[in-house]
Novice: 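Sharing a structure with you now.
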Amino acid sequence: MKTRSYQLSQLDFGSFTLAGYSVAGEEAVVLAPELDCALDIGKCPREALSVNHVLLTHGHMDHAAGVPYYFAQRNFQGIEGGTVVAPVEMVRPLEDLMAAWARVEGHGPAHPHRFVGVREGEDYEIRRGLVARAFPVKHSQPALGYCIIDVRQKLKGEFAGLTGPQIVELKKKGTAITDRVEYPLVAYPGDTGRKNFSDLPFVAQAKVFLLECTFFDAEHVSRARAGRHLHVSDLPEVLEGMRNEHIVLVHVTRRTNMAEARKILKHSLPKETAERITFLMSRKYIEEE
Ligand SMILES: [Zn+2]
Ligand SMILES: [Zn+2]
């Protein structure tokens with residue numbers, strides 16, 4: 001037997017990093033430690049225990065299997081306050097799952113847990129000044145994507161020249177002196193069929209767009225359609241109008257030949273789009289030996 005080291009791939013984007021493991025049908029988890037959340041939980045790698053919020057896109061096993069383990073293991077280690085955010089229709093079955101697991105383990109109440117159901121367009125507050133906004137995707141039902149957004153209050157332009165005491169004075173009078181400004185950091189649809197997201201400005205302008213691209217083989221277009229996944233030939237349409245600084249492809253199959261995949265991208269996309277694309281998984285973790 002040959003063993004393969006299990007390791008999360010890591011990408012650095014300045015103010016935050018993303019670390020994950022994402023192979024179609026096997027496991028999908030991306031951690032954003034500085035943003036205190038996980039995008040899907042996969043099988044719950046050890047590193048996922050330290051983030052307090054899990055944004056679950058849909059219930060397929062490769063994305064969600066680690067949910068009961070996340071709560072049980074955090075409880076075991078005495079880490080309080082974990083929350084799993086999921087499409088609102090999933091909350092009841094997830095509650096049932098926790099209760100069923102308590103029976104499997106042969107103890108009374110389920111491990112402490114907290115599920116928050118969201119609908120498309122809703123914001124979930126991760127912490128003050130940081131929200132996750134749910135958006136619609138095309139996959140299993142239910143399924144939602146999430147965008148993590150840095151929300152700041154910026155002094156209105158008309159007050160820019162004022163001194164500190166003058167601003168305090170205005171504040172005392174109850175004048176609104178700031179505007180709410182949103183900086184979308186990471187957008188993640190999870191699994192999705194063909195869909196263009198450029199009509200959602202917070203997705204189109206997110207610094208990082210984590211996009212699934214499950215199939216690269218020319219013969220696999222029908223498999224992509226059947227599973228509501230993306231094929232590399234869908235990318236020109238899906239990426240039209242997207243202004244993301246970084247496009248990170250995730251959820252490739254284990255068989256993907258990375259060198260070949262890069263070549264296909266180079267030939268099928270405009271140069272300025274292809275240049276923004278990277279893969280989360282490096283070749284040493286995913287190709288069959
Ligand atoms: Zn998947
Ligand atoms: Zn799926």
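Remember, it's 1-based here, ligands and their atoms both numbered in the order they're listed. Below, all heavy atoms of this structure are taken into account, side chains as well, without hydrogens, waters or symmetry copies. Since we're looking at a predicted model, the values are computed, not measured.
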Novice: If you look at His251, which of its N/O/S atoms is nearest to the Zn ion (ligand 1)?
Specialist: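 Atom name returned: NE2.
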Novice: Verify, without hydrogens or angle tests, whether Asp40 (side chain) and Thr57 (backbone) share a donor-acceptor contact under 3.5 angstrom.
Specialist: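 Indeed, once roles are kept as given, a pair shorter than 3.5 Å links the two residues.
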Novice: Which atom name would you report as the N, O or S atom of His60 nearest the Zn ion (ligand 2)?
Specialist: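 Looking only at N, O and S atoms of His60, the one nearest the Zn ion (ligand 2) is named ND1.
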Novice: Nearest 10° is fine: what angle sits at the Zn ion (ligand 1) between OD2 from Asp62 and OD2 from Asp191?
Specialist: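 Asp62 OD2 and Asp191 OD2 form an angle of 160° at the Zn ion (ligand 1).
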Novice: Can you tell me the N, O or S atom of His63 that's nearest the Zn ion (ligand 1)?
Specialist: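 So the atom name we want here is NE2.
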Novice: Classify the ring geometry between His60 and His139 as parallel (under 30°), tilted (30 to 60°) or perpendicular (over 60°).
Specialist: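 His60 and His139: perpendicular rings.
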Novice: Students often mix this up, so state it plainly: with edges at 30° and 60°, are the rings of His63 and His58 parallel, tilted or perpendicular?
Specialist: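 The arrangement is tilted - the two ring planes meet at 30° to 60°.
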Novice: Does this structure show an ion pair linking Asp179 with Lys156, if we count only N-O contacts that are shorter than 4.0 Å?
Specialist: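 Yes, this pair counts.
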Novice: Is the Lys NZ or Arg CZ of Arg223 less than 6.0 Å from the centre of Phe215's six-membered ring, within 45° of the axis?
Specialist: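 No - Arg223 does not lie over the ring of Phe215 by the 6.0 Å and 45° rule.
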Novice: Under 2.8 Å from the Zn ion (ligand 2) - does any N, O or S atom of His58 fall there?
Specialist: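 Checking the Zn ion (ligand 2) against His58, an N, O or S atom does fall under 2.8 Å.
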Novice: Has His229 got an N, O or S atom lying less than 2.8 Å from the Zn ion (ligand 2)?
Specialist: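 So His229 does not bind the Zn ion (ligand 2) by this criterion.
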